[in-house]
Amino acid sequence: MHARAGLILANRAFVDSAPGRHGASRPVAASGGLLAAVRPAIAPWEGGAGTTWIGAGLAGGDHELRNGGGVELVGLPQGVLRQRRLLFDHGTWAGHYAAVSNSFLWPLLHLVRLPLPDLTAYYPRPATPLPEEWAAFERVNQAFAKAASNEPAGTAWIHDYQLGLVPAMLRRLEPGRRIGFFLHTPFPNPDVAAACLDAAGLARLSTVVRGMLGADRIGFQCRPDVDRFAAWLERFEGLEPKGGSVVIEGRAVSFDAYPVGIDAAEVDQLASLPGRSPEAAEALAAGLPLVVGLERSDYTKGIPERLEAIAAALDAGSRFAYVGIAAPTRAGVAAYDRLETAIAQAATGARRAAAAAGTPFVQLRQAIPFEEVVALQREADVVFTSSLADGMNLVPLQAAVAQSRRLPERRAVLIAGRDAGISHAYGASNAPGLVSIDPLDRAATAEALRTAVAGKAPRVSDAFIREVRRNDARAWATQFLTDLEDAPC
């Protein structure tokens with residue numbers, strides 16, 4: 001039996017709009033890890049029942065797709081989706097998304113162990129929001145809470161830091177509604193966060209935490225996130241968490257780790273296709289081990305550090321082909337401009353080392369179709385991710401399933417950052433194939449890569465693949481929603 005959510009709230013709409021023929025808008029399913037993870041929890045809308053998705057409409061045709069009540073029924077392969085699309089003016093959305101969500105919360109939440117702004121030239125310090133920016137963040141969260149309160153009674157599942165105020169706002173509007181909240185990012189170390197924030201910034205983060213506590217149950221990606229959250233509650237909120245629960249205003253709020261999974265069936269189906277990634281053609285023709293790096297071009301991903309490790313491994317005598325693809329994100333934001341400069345400099349050094357070694361090297365800044373992503377994951381001998389911190393990092397999980405198409409002795413080695421959720425969720429299990437590294441330790445990272453390329457590290461095992469399949473996105477959503485229904489309300 002699979003639990004389904006009656007009401008899902010996320011920062012973005014599940015279905016975007018895109019220009020169609022003759023200028024008309026057409027619905028297009030959006031992409032992203034959050035949407036892919038939550039998709040199995042959606043119940044098709046039929047007979048006046050199912051899942052309603054509340055999200056922000058940002059594309060140009062969104063005004064056309066909404067009906068007069070702001071609700072649309074959109075046909076998807078898995079059935080009809082009922083969606084309530086919220087629209088915001090440019091100034092409000094800029095304050096909510098660019099200023100508070102991306103310039104304050106995103107860099108802050110990833111400070112799980114170290115003060116990263118002090119250790120790299122490109123990682124930004126969390127920017128304390130201006131009063132008008134924070135007011136915009138509150139308006140957007142209030143609009144989501146109000147929209148949810150206008151829906152029929154039922155469980156509301158709220159997702160991620162952009163909507164961190166919504167649980168408490170919705171609780172005030174509807175004290176009896178069952179509310180769940182899931183944080184897809186890490187939760188920061190209280191000591192590191194305090195060292196990187198001024199008093200106003202600390203107060204803003206405290207407000208978000210208090211907003212999250214409006215839920216009946218809060219989910220995190222891994223156990224260290226739970227522990228850091230409990231430490232924050234005790235140090236900054238004056239609360240006494242015990243056994244994964246805390247009492248606030250007479251209510252018990254429970255919280256636990258729910259490592260997110262992937263749509264393993266989708267990855268398996270794409271991995272069965274015969275096509276090869278064009279980016280890997282030269283590498284495969286060279287007959288060398290293929291090292292692959294895939295992610296968004298984000299400053300949390302440790303891309304410059306990975307490229308420096310690649311250069312060091314090549315300089316030390318390793319021979320391998322490298323294909324790295326980083327999809328652009330958040331163009332025009334100063335922190336990302338600094339990141340691109342750092343990536344370009346590191347790529348120049350790695351390209352020079354590859355030329356000296358006579359090995360293929362590709363580093364692209366572009367998005368590629370998901371079927372090509374899976375093809376690269378299937379063909380790789382090393383899948384090299386290097387997040388400085390990450391909620392989960394789904395790339396190694398996808399790669400494990402894609403590698404199931406290969407013989408066990410020919411499968412890849414997966415490398416992941418020690419502060420990514422996957423290293424906590426899988427690194428301590430009896431499922432060989434995952435190697436955890438500290439990307440900021442360049443010598444150790446380069447040595448881990450050399451060991452993997454030489455075939456001296458454990459390859460993706462059948463046990464690892466079984467674990468990934470067992471803990472897929474459907475199992476994740478079912479477990480959280482089941483525990484939410486069992487939580488006291």
Side-chain angles (χ1 to χ4, degrees), residues 10-12 16 29-39 58 97-98 101-112 116 120 122-124 159-162 183-186 221 260 262-263 266-267 277 279 291-307 310 322-344 346-347 362-377 380 383-399 402 414-417 419-423 439 473:
N11 191 61
R12 64 184 298 184
D16 289 330
S31 60
L34 186 158
L35 279 76
V38 179
R39 184 169 55 201
L58 306 177
Y97 187 67
S101 297
N102 286 335
S103 298
F104 175 59
L105 289 174
W106 179 259
L108 174 59
L109 292 169
H110 288 80
L111 300 179
V112 301
L116 295 173
T120 76
Y122 61 84
Y123 196 103
H159 288 270
D160 228 1
Y161 60 101
Q162 302 99 331
L183 185 67
H184 290 262
T185 70
Q221 291 280 19
V260 73
I262 62 170
D263 188 335
E266 178 188 27
V267 174
S277 165
E279 289 80 13
V291 178
V292 168
L294 298 161
E295 66 276 286
R296 290 185 305 110
S297 187
D298 193 274
Y299 49 74
T300 64
K301 299 296 185 180
I303 301 172
E305 287 75 14
R306 182 173 71 237
L307 291 168
I310 287 165
Y322 176 73
V323 175
I325 299 177
T329 185
R330 297 165 184 155
V333 178
Y336 288 88
D337 293 340
R338 291 195 299 273
L339 170 65
E340 294 304 332
T341 299
I343 291 174
V362 175
Q363 177 66 36
L364 301 177
R365 183 177 180 269
Q366 67 181 53
I368 63 173
F370 189 50
E371 57 266 27
E372 290 187 25
V373 169
V374 174
L376 276 169
Q377 292 168 334
V383 177
F384 191 0
T385 59
S386 52
S387 293
L388 304 178
D390 218 325
M392 177 51 60
N393 194 344
L394 301 181
V395 169
L397 299 181
Q398 296 162 352
L414 309 180
I415 299 176
D419 291 319
I422 185 174
S423 292

Quick one: are [X] and [Y] in side-chain contact, heavy atoms under 4.5 Å?
X	Y	answer
Leu388	Thr300	no
Asp337	Thr341	no
Pro304	Leu339	yes
Phe384	Ile310	yes

Write down the atom of [X], the atom of [Y], and the distance for their closest heavy-atom approach.
X	Y	value
Leu307	Ala347	CD1-N, 3.8 Å
Val362	Leu364	CG1-CG, 3.5 Å
Ser103	Ala98	OG-O, 2.8 Å
Tyr122	Gly302	OH-CA, 4.0 Å
Ala473	Ala37	CB-O, 3.6 Å
Ala375	Ser277	CB-N, 3.9 Å

With rounding to the nearest 0.5 Å, note down the distance linking [atom1] in [X] to [atom2] in [Y].
X	Y	atom1	atom2	result
Leu397	Leu414	CG	CG	9.0 Å
Asp390	Ile422	CG	CD1	9.5 Å
Thr120	Arg338	OG1	CZ	9.0 Å
Arg39	Asp263	CZ	CG	5.0 Å
Ile325	Glu279	CD1	CD	4.0 Å
Leu183	His159	CG	NE2	11.5 Å

(message) For a side-chain contact (heavy atoms from CB on, under 4.5 Å) check, start with the C-alpha distance between Val292 and Gln377, then their side-chain angles and the critical distance, and finish with the verdict.
(response) CA-CA 7 Å; Val292 168; Gln377 292 168 334; 5.8 Å; no

N/O donor-acceptor pair under 3.5 Å between [X] side chain and [Y] backbone:
X	Y	result
Thr385	Ile415	yes
Gln221	Val260	yes
Ser386	Lys301	yes
Asp160	Gln162	no

(request) Under the side-chain contact (heavy atoms from CB on, under 4.5 Å) rule, what do Asn11 and Tyr161 come out as? Steps first, then yes or no, please. (result) CA-CA 9 Å; Asn11 191 61; Tyr161 60 101; over 6 Å; no

(message) Test side-chain contact (heavy atoms from CB on, under 4.5 Å) on Leu111 and Tyr123; report intermediate values, then the result.
(response) CA-CA 10 Å; Leu111 300 179; Tyr123 196 103; 3.8 Å; yes

(request) Check the side chains of Tyr97 and Arg12 for a donor-acceptor pair under 3.5 angstrom, ignoring hydrogens and angles. (result) no

(request) Dump the intermediate steps for side-chain contact (heavy atoms from CB on, under 4.5 Å) on Thr185 and Trp106, then the final yes or no. (result) CA-CA 8 Å; Thr185 70; Trp106 179 259; 3.7 Å; yes

(message) Taking side chain to side chain contact (heavy atoms under 4.5 Å, CB included) as the definition, give me every residue that meets it alongside Asp419, ordered by chain and number, with sequence neighbours left out.
(response) Val112, Arg113, Ala389

(message) The criterion is side chain to side chain contact (heavy atoms under 4.5 Å, CB included); which residues satisfy it with Glu340, sequence neighbours excluded?
(response) Ser297, Ile343, Arg365

